[in-house]
Amino acid sequence: MSDCLFCKIIAGEIPSGKIYEDDDVFAFKDIHPKAPTHVLVIPKTHIATLADCDDAALLGTLMLRVKYIADEVLQLAAGYRVIINVREGGGQEVFHLHIHILGGKHLPF
Ligand code: AMP
Ligand code: ZN
């Protein structure tokens, strides 16, 4: 999608702190980290919000990649938090589906 910030990051048109990429997903550092480690994992296809997505295979792939990135790339052995904000009421600001991985400190609820 031409005017989507995260599509531009995937295309390399906007720089990012990329930490992982494969055929299906792209992962990069959040520009305003809320924890010592704060990474966003996004599908390469443009999906505006979780509420718009019924693709079980894609959602399954995304969650498996989140696990791989957290455990193997970021090495968050002590644990981490996974968050998806959905629509404005859920705090979503960028309308390209993204999964937050937060870790590196104790995260009280
Ligand atoms: P959300 O509120 O769930 O839509 O989260 C959007 C996230 O994108 C926020 O945590 C922002 O800090 C992050 N963000 C916005 N622009 C950029 C950017 N250019 N590079 C990296 N992260 C960004
Ligand atoms: Zn997009």
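Quick note: residue numbers are just sequence positions, from 1. The analysis underlying the following values was restricted to heavy atoms, covering all of them including side chains, and did not include hydrogens, waters or symmetry mates. Quick caveat: nothing in here was measured; it's all calculated off a predicted structure.
Of all heavy-atom pairs between Leu107 and Leu102, the closest is CD1-O, 3.5 Å. In terms of heavy-atom proximity, Pro36 sits nearest to Gly104 at CG-O, 3.7 Å. Taking each heavy atom of Met63 and Ile99 in turn, the nearest pair found is SD-CD1, 3.8 Å. Shortest non-hydrogen contact noted between Ile69 and Ala27 is CD1-CB, 3.7 Å. The shortest heavy-atom contact between Leu62 and Pro43 is CD2-N, 3.9 Å. Residues Phe26 and Ser16 approach most closely at CE2-OG, 3.7 Å, considering heavy atoms.
Hydrophobic clustering, with ILVMFWY side chains joined whenever heavy atoms are under 4.5 angstrom apart, groups Val66 together with Val73. If you chain together hydrophobic residues whose side chains sit under 4.5 Å apart, Tyr68 and Val82 fall into the same group. The hydrophobic cluster containing Val39 does not contain Val94, counting ILVMFWY residues as joined when their side-chain heavy atoms lie under 4.5 angstrom apart, directly or transitively. Hydrophobic clustering keeps Ile10 apart from Tyr20 (ILVMFWY residues linked when any side-chain heavy atoms are closer than 4.5 Å, directly or through intermediates). Under the 4.5 Å side-chain heavy-atom criterion for grouping Ile, Leu, Val, Met, Phe, Trp and Tyr, Ile84 is connected to Leu59 within one hydrophobic cluster.
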Legend entry - side-chain contact (heavy atoms from CB on, under 4.5 Å) evaluation trace for Ile9 with His96: CA-CA 11 Å; Ile9 284 177; His96 180 126; over 6 Å; no
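Looking only at side-chain heavy atoms (C-beta outward), Leu50 and Gln92 stay at 4.5 Å or farther from each other. A heavy-atom distance below 4.5 Å is found between the side chains of Leu58 and Ile47. Contact check for Asn85 versus Arg87: no side-chain heavy atoms found under the 4.5 Å cut-off. When side chains are defined from C-beta on, Asp52 does not count as touching Leu97, because their heavy atoms never get closer than 4.5 Å. Considering only heavy atoms from C-beta on, Leu76 comes within 4.5 Å of Ile101 through its side chain.
Using cut-offs of 30° and 60° for the angle between ring planes, the Phe28 and Phe6 rings count as perpendicular.
Residue Arg81 holds its CZ atom at 14.0 Å from OG1 of Thr37, rounded to the nearest 0.5 Å. Taken to the nearest 0.5 Å, the CZ atom of Phe95 stands 10.0 Å off from the NE2 atom of His46. Note: Leu40 CG to Ile19 CD1 = 9.5 Å, rounded to the nearest 0.5 Å. Annotation: the span from Lys18 atom NZ to Lys29 atom NZ amounts to 13.5 Å, rounded to 0.5 Å.
Within the 3.5 Å criterion, the main-chain N or O of Asp22 finds a donor-acceptor partner in the side chain of Lys44. Between the side chain of Arg65 and the backbone N or O of Val25 there is no donor-acceptor pair closer than 3.5 Å.
Atom NZ of Lys34 has more than 12 heavy atoms from other residues, nucleotides or ligands within 6.0 Å.
Two rings, from His100 and His98, have their centers less than 6.0 Å apart.
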